[in-house]
There are 2 protein chains.
Amino acid sequence: MTQSILIEPAFDRLLQVAVEVFAECGFREATVREICSRANVNVASINYYFRSKEALYAQALAFAFQEANRLYPLDAVLDKGLPPEQRLTLFIGNFLHKLLDDSHLGLYSKLIAREIADPTKALDEIIETAIIPQFSLLTEIIQQILGAAADKMIVKRCLLSIFGQCLMFKHSRSIIDRLYPELIANDPAIQACAEHIAQFSLAGLTRFAQPQKRPIP
Amino acid sequence: MTQSILIEPAFDRLLQVAVEVFAECGFREATVREICSRANVNVASINYYFRSKEALYAQALAFAFQEANRLYPLDAVLDKGLPPEQRLTLFIGNFLHKLLDDSHLGLYSKLIAREIADPTKALDEIIETAIIPQFSLLTEIIQQILGAAADKMIVKRCLLSIFGQCLMFKHSRSIIDRLYPELIANDPAIQACAEHIAQFSLAGLTRFAQPQKRPIP
DNA sequence: GCTTGTATTAAACAGTTGTTTAAAATAATT
DNA sequence: AATTATTTTAAACAACTGTTTAATACAAGC
């Protein structure tokens, strides 16, 4: 059988298909036979190229994160010259689009969200490489807004408030799709949600902001 | 073999254990043998008392919701005499404690959260009986705070902002446990989180509040 | 005491899972 | 061209899945 269409080697095809299937079904529900079938390779190939289903999953997870970062760079957010309010708005917009994108790239965040909601052994690496950098970046922005003297616990809670608003759209997608589909119907609607979260959060942050001009007596 | 300790009939034991196991493992990963083993009944009992594993799951889900509502009544929140800001604070406190309770009752919300994150056929009933009433209640409170003329889309987005902040603690529990365990270490800490969300949200809502005193020109 | 209806049991069913094997096909090297 | 190494294959493996069966134990009713 000649398959002139697919010129990619089996290894790459397996990795790409694995991201798709694991994102759709989760680690446990995904079957090696389904992955191999979609990748047009023999069932034994996974154990040949990767050591096991588990090892394939770990590699797929790392690959997904790498791709998500490549397709959604945080360049503007990293610019410390910008005012923190603007950086927060950019951060939220970037994050939400990353989460809600329904094209191929949406799979990456879906895979990661799945791992967070239902952790496997692979979670530890995900936290180190994917979560902590995002948390650090947002922490820095929040601290700039609240003031350097801000209580550490308050900063953490504000961080969770902001991430929580964004992740709601990912974790409770099934409900939003049924009750409020118009909120995420198209790209402008998603952009409106991002702006809402930014404004809601900025107003919320002011509640906890330190007085900026006065030095501590 | 005499089992004088367990006097409950097999049916009740199965239902109770099913909630535990489904909450821990999810529907697909949970096995009938594990459930039956823990309930000290034969494997065939599930198909005898309930029709199938799927039917048992549906019943367990309904039972969990019923118990969660019985143990965490919303009486105070339902009191329309109270100022909406206070009702919001009560609502958030109730919801967060419901979510984070690690005792037996915590399983109920875990089971429901699992169903939302990874829906099965049973989701539709959950939405009708569990989600919509909660959404309606919070919608009413938000509308009171924002003013009757508030834009419907804004109300919905604010609703998601508040629920998102609460659900963050459930859906991303694995991360919080590792990065910020002190935030949910004990009951006062959880209470502090609830108050934070309430204050953060009240401040956020003011950003979208309609001018209350002036009638529309 | 016998019969009827319910409850419980061990065993087997048919299907699926991840993984391994050993042979065949293909590619690379000498 | 012959030899080596790599890739691909079909088949089988053992373990596990939800479900069914048919035999047994137990209780209640007459």
Side-chain angles (χ1 to χ4, degrees), chain A residues 1-61 63 111 114-115 118-122, chain B residues 1-61 63 111 114-115 118-122:
Chain A
M1 188 212 299
T2 52
Q3 289 243 235
S4 55
I5 301 166
L6 300 170
I7 51 161
E8 312 169 79
F11 182 92
D12 292 341
R13 253 180 302 145
L14 265 177
L15 197 55
Q16 201 144 337
V17 170
V19 172
E20 291 177 26
V21 179
F22 282 133
E24 282 176 29
C25 314
F27 171 71
R28 288 146 178 133
E29 184 72 3
T31 70
V32 297
R33 280 172 176 81
E34 172 70 16
I35 295 171
C36 291
S37 165
R38 288 205 213 173
N40 272 92
V41 300
N42 189 272
V43 256
S45 300
I46 283 183
N47 298 83
Y48 178 76
Y49 284 109
F50 312 83
R51 197 182 62 263
S52 62
K53 179 191 179 185
E54 204 169 19
L56 171 63
Y57 179 71
Q59 282 219 214
L61 216 47
F63 177 67
L111 187 54
R114 221 177 237 289
E115 175 62 29
D118 203 8
T120 69
K121 290 182 197 164
Chain B
M1 190 210 301
T2 52
Q3 291 242 236
S4 55
I5 301 167
L6 300 170
I7 52 161
E8 312 168 80
F11 182 91
D12 292 341
R13 254 178 303 146
L14 266 176
L15 197 56
Q16 200 143 337
V17 169
V19 172
E20 290 177 26
V21 178
F22 282 134
E24 282 176 29
C25 314
F27 171 71
R28 287 145 179 135
E29 184 73 2
T31 71
V32 297
R33 278 172 177 81
E34 172 70 17
I35 296 170
C36 292
S37 166
R38 288 205 214 175
N40 272 92
V41 299
N42 189 271
V43 257
S45 300
I46 285 183
N47 298 82
Y48 179 74
Y49 285 108
F50 310 83
R51 198 183 59 261
S52 62
K53 178 191 180 186
E54 204 168 20
L56 170 62
Y57 179 71
Q59 282 220 214
L61 215 48
F63 177 68
L111 187 56
R114 222 177 235 293
E115 176 63 28
D118 203 7
T120 69
K121 289 182 197 164

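Below, chain A is the first sequence line, B the second, and so on; all start at residue 1.
Residues of residues 29-37 of chain B having a heavy atom closer than 4.0 Å to DNA chain C, listed by number: B/R33.
Contacts classified as salt bridge (charged side-chain N to carboxylate O under 4.0 Å, His left out) and involving residues 37-59 of chain A (residues at least two apart or in different chains) are given here: A/E20-A/R38, A/E24-A/R38, A/E34-A/R38, A/E54-A/K121.
Distance A/F50 CZ to C/dT20 C1': 18 Å, rounded to the nearest Å. Rounded to a whole Å, the NZ atom of A/K53 is 14 Å from the P atom of C/dT20. Here the P atom of nucleotide D/dG18 and the CG atom of B/L56 are 11 Å apart, to the nearest Å. What separates CZ of B/R28 from P of C/dT17 is a distance of 13 Å, to the nearest Å. Across the protein-nucleic acid pair, B/L14 atom CG and D/dG18 atom C1' stand 15 Å apart, rounded to whole Å. Spacing between atom CZ of A/R51 and atom C1' of C/dG18 amounts to 13 Å, rounded to whole angstrom units.
Under the side chain to side chain donor-acceptor pair (under 3.5 Å) criterion, A/S52 pairs with no residue, sequence neighbours left out. Taking the side chain to side chain donor-acceptor pair (under 3.5 Å) definition, one finds that A/T120 meets it with A/E115, sequence neighbours left out.
Side-chain atoms of B/E29 and A/D118, non-hydrogen and from C-beta on, never get closer than 4.5 Å to each other.
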Polar pairs (N or O, both sides) under 3.5 Å between protein and nucleotides 6-10 of chain D?
| from | atom 1 | to | atom 2 | distance (Å) |
| --- | --- | --- | --- | --- |
| D/dT7 | OP2 | A/Y48 | OH | 3.0 |
| D/dT8 | OP2 | A/Y49 | OH | 2.2 |
| D/dT9 | OP2 | A/N42 | N | 3.4 |
| D/dA10 | N7 | A/N42 | ND2 | 3.2 |

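In DNA chain D, stems built from 3 or more consecutive Watson-Crick or G-U wobble pairs, each with both distances under 3.5 Å, span C:1-5 with D:26-30, C:8-13 with D:18-23, C:15-23 with D:8-16, C:25-30 with D:1-6.
Listed here is the closest heavy atom pair of B/L111 and B/A60: CD2-O, 4.0 Å.
Put simply, CD1 on A/I35 and CD on A/Q16 are 13.0 Å apart, with the number rounded to the nearest 0.5 Å.
The side-chain contact (heavy atoms from CB on, under 4.5 Å) with B/L56 is formed by just one residue from the set B/Y49, B/F27, B/F50; it is B/F50.
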